[in-house]
Number of protein chains: 2
Amino acid sequence: MKKVSSKVVERLLIYRRLLRLYMQTDGPNIYSHQLSRMTGFSSAQVRRDLMEIGYFGSSAHGYDAEELLKSIDEFVNISEDFSIALVGLGQLGRAILDYFQGHGPNLRIEVGFDINPQKIDRVIQGCRCFHVDRMDEVLKNTNILVGIIAVPATNAQDIADRFISNGINSLLNYTPTRLQLPPHVFVENIDLMNSIEKAIFFARRPR
Amino acid sequence: MKKVSSKVVERLLIYRRLLRLYMQTDGPNIYSHQLSRMTGFSSAQVRRDLMEIGYFGSSAHGYDAEELLKSIDEFVNISEDFSIALVGLGQLGRAILDYFQGHGPNLRIEVGFDINPQKIDRVIQGCRCFHVDRMDEVLKNTNILVGIIAVPATNAQDIADRFISNGINSLLNYTPTRLQLPPHVFVENIDLMNSIEKAIFFARRPR
DNA sequence: TTCACGTTGTGATTTTTTTCACATGATTGC
DNA sequence: GCAATCATGTGAAAAAAATCACAACGTGAA
Ligand SMILES: NC(=O)c1ccc[n+]([C@@H]2O[C@H](COP(=O)([O-])OP(=O)(O)OC[C@H]3O[C@@H](n4cnc5c(N)ncnc54)[C@H](O)[C@@H]3O)[C@@H](O)[C@H]2O)c1
Ligand SMILES: NC(=O)c1ccc[n+]([C@@H]2O[C@H](COP(=O)([O-])OP(=O)(O)OC[C@H]3O[C@@H](n4cnc5c(N)ncnc54)[C@H](O)[C@@H]3O)[C@@H](O)[C@H]2O)c1
């Protein structure tokens with residue numbers, strides 16, 4: 001199967017979300033220039049991206065929103081069978097849990113891990129929480145595909161290694177730690193301080 | 001002054017953080033291949049990036065860590081004179097505030113805004129919080145360079161417009177809303193759901 | 001002094017990503 | 001039926017980003 005870059009996937013997922021909203025209020029069809037305005041990507045970019053997944057519109061009515069959405073859905077193939085583990089139930093971890101709660105049952109955080117006794121062996125926001133020492137044991141019995149790391153920076157590498165040794169090769173890393181990972185592992189680094197610093201830089205310098 | 005891409009700035013800021021750690025424990029000099037291992041970027045990439053800011057090492061001892069750090073600092077020129085405003089003091093907003101508290105006084109969130117009466121007109125984590133209706137008035141009297149948006153998605157555009165009309169042209173957007181912005185405004189979108197979906201996609205598909 | 005080694009700086013090249021620009025095709029109004 | 005209009009799909013071009021690969025240099029050992 002053809003390989004697709006992370007950037008294309010990211011944009012497809014953005015179209016997907018916007019299409020859902022669009023269909024609630026607007027007509028059944030949509031043009032690349034509309035998706036362009038909604039996203040800020042160029043319309044040529046939009047058309048290229050849709051080419052990638054082999055969806056074809058008509059030159060008269062653009063794209064059928066429902067069909068397009070279905071095509072993207074099939075392509076990304078995200079279903080509730082695939083769940084998520086979260087390590088670190090601090091400020092950030094709990095905000096993340098909270099967020100998932102509000103977002104329907106299509107994706108959910110299946111299990112959480114921490115070391116703080118106050119946070120383990122109970123259910124927080126519908127998420128069963130365990131001591132981090134039980135990661136191997138618990139992960140064996142679940143169908144986790146993605147691990148979220150929200151522990152203090154110094155523990156991030158340990159947690160990543162633990163995920164990987166349990167066959168989880170797709171991670172979200174909320175810590176500033178640069179993880180050392182084998183090449184087959186996908187990681188998305190979400191680094192607030194880096195983002196802020198970039199924003200400060202570009203606040204005073206044009207791009 | 002030469003324009004630098006966002007990617008280069010992002011990496012420079014990563015070197016910067018790693019250099020600080022490195023200097024605490026390791027020798028006074030550092031090689032591009034070490035920065036490469038620490039970051040995951042290629043060593044040629046590292047050298048190119050340092051070229052961009054005109055820092056030169058020696059072929060014998062690589063880079064002088066302290067000097068290099070100083071060069072990057074000068075280049076990015078981030079000081080405590082520039083502060084940040086945060087709108088939306090919910091779960092996520094408070095996690096962000098918390099995070100900044102722990103990170104020394106070099107960068108701070110100067111003011112917060114919300115509509116919830118329980119959260120306004122008091123100081124939360126050292127941050128003065130106001131009603132969102134007072135944004136114009138309050139922003140006039142501060143030296144805010146960057147705005148963080150952590151309100152519900154439906155209000156994000158309003159808040160962005162408000163920031164921009166007050167001359168703040170660098171934003172962090174934590175909502176999934178795609179903001180419509182004039183071209184001179186810098187925005188970094190941090191979209192958890194998008195990241196997760198990408199991670200799920202690549203958990204099952206090689207890149 | 002001379003040589004081997006390991007590293008930098010960078011021109012050249014390759015790869016990836018985006019944009020351009022236009023032929024093609026569907027629709028509408030007359 | 002026909003022309004005018006407007007979008008799509010896409011080859012080609014351009015731009016951006018990353019990698020290659022090697023001359024040049026400084027060091028230390030002999
Ligand atoms: N709060 C934010 O907005 C924010 C923003 C960006 C990045 N971060 C990063 O996210 C991480 C967590 O931030 P936070 O604000 O939630 O911190 P926090 O201290 O509130 O939470 C950390 C949690 O991890 C748990 N923990 C500690 N060591 C552990 C281990 N070895 N295994 C499992 N759990 C462990 C702690 O018990 C705690 O519950 C940090 O690395 C921080 O740099 C946070
Ligand atoms: N919690 C997360 O981890 C998380 C992750 C990703 C994205 N987000 C996004 O961040 C945003 C906030 O998430 P949250 O979990 O903190 O939600 P929340 O409901 O806990 O917080 C929202 C806050 O915004 C305030 N608010 C509402 N309307 C406002 C307005 N017009 N002006 C100013 N303040 C207003 C509310 O009073 C509340 O304090 C949402 O858009 C959400 O999609 C949250």
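Naming convention: chains lettered A, B, ... in sequence-line order (proteins, then strands); numbering from 1 in each chain.
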Using atom CD of A:E10 as one end and atom P of C:dT18 as the other, report the distance to the nearest whole Å. 10 Å
Do A:R204 and B:F82 form a cation-pi contact, if we require the NZ or CZ to be under 6.0 Å from the six-membered ring centre and within 45 degrees of the ring's axis? yes
Between B:H61 (NE2) and C:dC5 (P), how many Å, whole number? 18 Å
From the candidates C:dT17, D:dT27, D:dA18, the one with an atom nearest any side-chain atom of B:R11 is D:dA18
Can you tell if the side chain of A:F202 reaches within under 4.5 Å of the side chain of B:S6, non-hydrogen atoms only? yes
Tell me whether B:E10 is salt-bridged to B:K7, with the criterion being a basic N under 4.0 Å from an acidic carboxylate O. no
Electrostatic pair B:D191-B:R178, nearest N-O below 4.0 angstrom: no
Rounded to the nearest 0.5 Å, what separation is found between the CG atom of A:L192 and the CD1 atom of B:I148? 6.0 Å
What integer distance in Å separates A:F56:CZ from C:dG25:C1'? 14 Å
Tell me which nucleotide among C:dT7, D:dA7, D:dA18 gets nearest to the side chain of B:Y31. C:dT7
How many Å lie between CG on A:D64 and P on D:dT8, as a whole number? 13 Å
I want to check one thing: is the phosphate of D:dA7, taken as OP1 and OP2, less than 4.0 Å away from some side-chain N or O of A:H33? yes
Which pairs pass side-chain hydrogen bond (donor to acceptor under 3.5 Å, both in side chains) with one or both residues in residues 55-66 of chain B, sequence neighbours excluded? B:Y55-B:E67
Minimum side-chain heavy-atom gap A:R16-A:L12 below 4.5 Å: no
DNA chain C: 5'-proximal contact among B:S58 and A:K3 (nearest heavy atom): B:S58
Where the side chain of A:N173 meets the backbone of A:I190, is there a donor-acceptor pair that is under 3.5 Å apart? no
A:K7 NZ - C:dT16 C1' separation (whole Å): 9 Å
Nearest-nucleotide pick for A:S32, side chain only, options being D:dT8, C:dG6, D:dT27: D:dT8
Those residues of residues 34-49 of chain A lying under 4.0 Å from DNA chain D by at least one heavy atom: A:R47, A:R48
Of D:dG9, C:dT10, C:dT8, the nucleotide closest to the side chain of A:M51 is D:dG9
Aromatic A:F41 / basic A:R11 pairing, under 6.0 angstrom, 45° off normal: yes
Taking the nucleotide of DNA chain C with the nearest heavy atom to each, does A:S5 or A:A60 sit closer to the 5' end? A:S5
Can you give me the dot-bracket string for DNA chain D, 5' to 3', counting Watson-Crick and G-U wobble pairs with both distances under 3.5 Å, using [ ] for crossing pairs and | for partners on another strand? ||||||||||||||||||||||||||||||
Protein-nucleotide distance (A:N29, atom CG; D:dC6, atom C1'), rounded to Å: 13 Å
In whole angstroms, the gap separating P of C:dT7 from OH of B:Y55 amounts to 16 Å
